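Source: prediction; values computed, not measured. Counting begins at 1 with the first residue of the sequence.
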Amino acid sequence: MKCEELLKGITYECTKGSVDCEIKEVVYDSRKLSQGCLFICICGYNVDGHSFAMEAARKGAAAIVVQKEVELPQDSDITVIRVEDTRYAMAFISAAYFGHPTDRLKVIGITGTKGKTTTTYLIKSILEKAGYKVGLVGTIETIIGDRHIPASNTTPESFLLQQYFMEMEREGCQIVVMEVASQGLKLHRTQGFTFEIGIFTNLEPDHIGPNEHADFEEYQFCKGLLFKQCRLGIVNKDDAHMSAVLEGHTCQLETYGFDKTADLYAEDLKLVNKPGELGIDFTVKTKNTEMEDFTVEVPTPGRFSVYNALTAIAVCRHFNVEISQIQKALLSAHVRGRIEMVPVSERFTLLIDYAHNAMSLKSLLTTLKEYEPKRLVCLFGCGGNRSRIRRYEMGEVSGNYADLTIITSDNPRFEKPQDIIEDIKTGIQKTNGKYIEICDRKEAIAYAILNGQEGDIIVLAGKGHEDYQEIEGVKYPMDERDLIADILKENDISGKK
């Protein structure tokens with residue numbers, strides 16, 4: 001492929017050589033430099049790709065893309081392309097390199113503080129029930145046909161994302177549903193194509209700090225970038241930040257929520273409380289006279305479950321999905337580690353959730369309190385080498401909302417688990433909440449199960465979909481579902497009974 005073809009849609013200056021040169025492959029990782037490649041110099045948080053320009057020339061790269069001056073061998077005939085931002089340029093170059101697969105795919109992007117992961121799976125489930133073949137990109141994994149690829153980032157680097165799109169198209173996918181993180185938008189990972197639909201779920205302060213967002217205003221602005229890059233925006237009308245997120249949007253808009261002026265809204269909510277299971281049902285209403293009102297039941301609790309389902313419905317009605325298909329898909333959809341019910345006993349309810357900060361834990365516990373459990377038991381720990389403030393806050397939240405807190409270990413990383421537990425106790429001791437501490441997570445879960453009482457709701461928070469525990473830089477296998485199965489077997493408990 002000619003270098004010039006890869007640069008279409010980008011403003012650039014060729015400061016050395018010619019864009020007529022032939023490119024054998026595109027590379028942004030200096031470890032993959034090869035003869036005849038185009039090397040994109042990315043300014044990373046820890047490593048600056050521009051420092052490898054000399055090496056790229058010596059290894060026979062045909063061209064490099066830079067955003068600042070670099071040193072090169074005097075006798076080098078390498079082509080140098082100067083752009084304003086190499087990350088932005090990489091998104092367009094990658095799209096061209098992989099043949100612009102999104103020209104033939106309909107991509108649905110979801111942004112927001114909460115609900116992205118669950119909603120992607122709900123949309124995928126509904127569309128597949130309707131006969132579509134759907135790819136998924138998100139926090140837990142990327143799904144391409146039968147392949148499940150564990151995720152490193154919620155939104156992959158633009159090169160990898162475009163490669164996934166190409167593979168999805170080859171697999172026969174017609175639609176892709178993906179999580180769009182604010183960090184991904186900030187770093188231009190989703191540039192180079194237009195989303196068919198962009199979705200805004202909600203916004204609360206999060207991801208603010210070093211290597212993330214400078215402040216809430218930047219976080220909010222980055223979320224809004226999605227609505228300058230999609231054809232249709234579907235947004236939560238109930239969220240107080242909706243107008244700010246949509247400032248400067250270029251797409252058509254639709255709304256959903258509980259607000260009866262929304263294009264799609266929910267009413268008549270009813271809690272569903274079955275032995276060992278929690279859910280909610282509601283009526284879906286719409287301004288669209290072509291779509292009749294209908295009822296939906298989802299097997300997860302709370303108003304946020306209604307929001308997730310409404311979002312999925314709002315999207316899927318644009319793909320001519322029948323109401324019966326929506327109802328069946330929502331009733332059977334389960335997302336790993338997101339309010340995931342684990343059948344242990346009909347005497348009490350046990351669930352696993354990814355809630356790993358004070359905001360998400362408070363939302364989860366207040367939702368579960370609505371089901372009036374005999375006791376609400378919350379088991380959690382906090383990650384090491386992360387903000388200590390999070391530990392105080394989570395301890396205080398659990399102390400205020402749970403009847404019993406079991407403090408344990410999460411991913412201690414390079415900290416001592418007991419030191420993290422002491423920080424959590426500092427928060428919980430501001431409350432009147434009862435607590436115990438059991439450092440070993442398996443022992444803590446065993447205590448919760450073996451001491452479960454009739455009518456309890458027990459939530460294992462923080463790990464969610466994770467299947468490891470990170471200690472001293474090593475990720476050891478640890479899946480809470482396996483721990484639960486082992487505990488039941490070791491104690492001669494057959495499971496749900």
Side-chain angles (χ1 to χ4, degrees), residues 1-45 47-105 107 137 155-171 176 184-195 225 228-229 250:
M1 183 179 287
K2 294 287 186 183
C3 182
E4 188 174 23
E5 294 175 36
L6 292 170
L7 300 173
K8 286 180 180 177
I10 303 171
T11 300
Y12 66 91
E13 180 186 1
C14 182
T15 60
K16 186 177 186 304
S18 168
V19 294
D20 193 46
C21 62
E22 193 71 29
I23 301 297
K24 292 183 179 178
E25 67 173 330
V26 173
V27 173
Y28 68 97
D29 183 339
S30 62
R31 294 168 295 184
K32 297 179 180 179
L33 285 165
S34 63
Q35 183 81 27
C37 75
L38 179 143
F39 177 55
I40 306 171
C41 300
I42 300 297
C43 297
Y45 290 121
V47 179
D48 187 348
H50 292 80
S51 62
F52 297 98
M54 184 79 75
E55 183 182 345
R58 286 174 177 159
K59 287 188 174 179
I64 57 172
V65 180
V66 301
Q67 66 184 53
K68 57 188 178 184
E69 293 296 326
V70 292
E71 283 190 36
L72 294 168
Q74 289 186 351
D75 60 348
S76 172
D77 61 354
I78 193 169
T79 293
V80 179
I81 308 297
R82 182 76 178 256
V83 297
E84 185 178 341
D85 187 313
T86 52
R87 281 190 181 276
Y88 184 85
M90 181 166 71
F92 287 85
I93 292 168
S94 300
Y97 181 62
F98 289 109
H100 297 285
T102 55
D103 288 353
R104 297 163 297 279
L105 294 167
V107 184
V137 180
T155 307
E157 200 62 79
S158 59
F159 183 89
L160 182 57
L161 181 61
Q162 289 291 338
Q163 181 180 329
Y164 284 156
F165 288 156
M166 178 198 70
E167 292 173 5
M168 287 174 182
E169 185 191 5
R170 288 180 177 175
E171 192 67 33
V176 180
L185 288 161
K186 178 181 178 180
L187 297 176
H188 310 303
R189 290 174 180 166
T190 60
Q191 283 294 337
F193 68 97
T194 301
F195 289 89
L225 292 173
K228 299 172 184 176
Q229 199 190 331
T250 57

Interatomic distance, [X] atom [atom1] to [Y] atom [atom2] [nearest 0.5 angstrom]:
X	Y	atom1	atom2	value
Ile40	Ile93	CD1	CD1	4.0 Å
Leu185	Thr155	CG	OG1	7.0 Å
Gln163	Met166	CD	CE	5.5 Å

Do you know the tightest heavy-atom contact between [X] and [Y]?
X	Y	result
Val83	Ile10	CG1-CG2, 4.0 Å
Leu6	Leu38	CD1-CD1, 4.4 Å
Glu4	Tyr12	CG-OH, 4.4 Å
Cys14	Thr79	SG-CG2, 3.9 Å
Thr86	Cys41	OG1-O, 2.7 Å

Could you check if a side-chain atom of [X] sits within less than 4.5 angstrom of a side-chain atom of [Y], using non-hydrogen atoms only?
X	Y	value
Glu84	Gln67	no
Glu25	Cys37	yes
Lys2	Asp20	yes
Glu157	Ile42	no
Tyr164	Val176	no
Val107	Phe165	yes
Leu72	Ile64	yes

Any donor-acceptor N/O pair, Gln191 side chain to Ala89 backbone, under 3.5 Å | no

With no hydrogens and no angle check, is any side-chain donor or acceptor of His50 less than 3.5 Å from a backbone partner on Val66?
-> no

Sequence neighbours excluded, which residues qualify as ring pair (Phe, Tyr, Trp, His ring centres under 6.0 Å) partners of His188?
-> Tyr88

Distance-only criterion, 3.5 Å: show the donor-acceptor pairs between side-chain atoms of residues 54-63 and protein atoms not counting sequence neighbours.
from: Glu55; atom 1: OE2; to: Lys59; atom 2: NZ; distance (Å): 2.9

Side chains of residues 96-103: which donor-acceptor pairs under 3.5 Å do they make with residues two or more places apart or in other chains?
none

Arg170, CZ atom: more than 12 neighbouring heavy atoms under 6.0 Å = no

More than 12 foreign heavy atoms under 6.0 Å from NZ of Lys16: is that the case here?
-> yes

For Glu69, all residues meeting side chain to side chain donor-acceptor pair (under 3.5 Å), sequence neighbours excluded = Arg82

Counterpart residues, side chain to side chain donor-acceptor pair (under 3.5 Å), relative to Lys68 (two or more places apart) | Asp48

Could you list all the ring pair (Phe, Tyr, Trp, His ring centres under 6.0 Å) pairs where at least one residue sits in residues 23-44, not counting sequence neighbours?
-> Tyr28-Phe159

Option passing side chain to side chain contact (heavy atoms under 4.5 Å, CB included) with Arg31 (candidates Val27, Leu33, Asp29) = Asp29

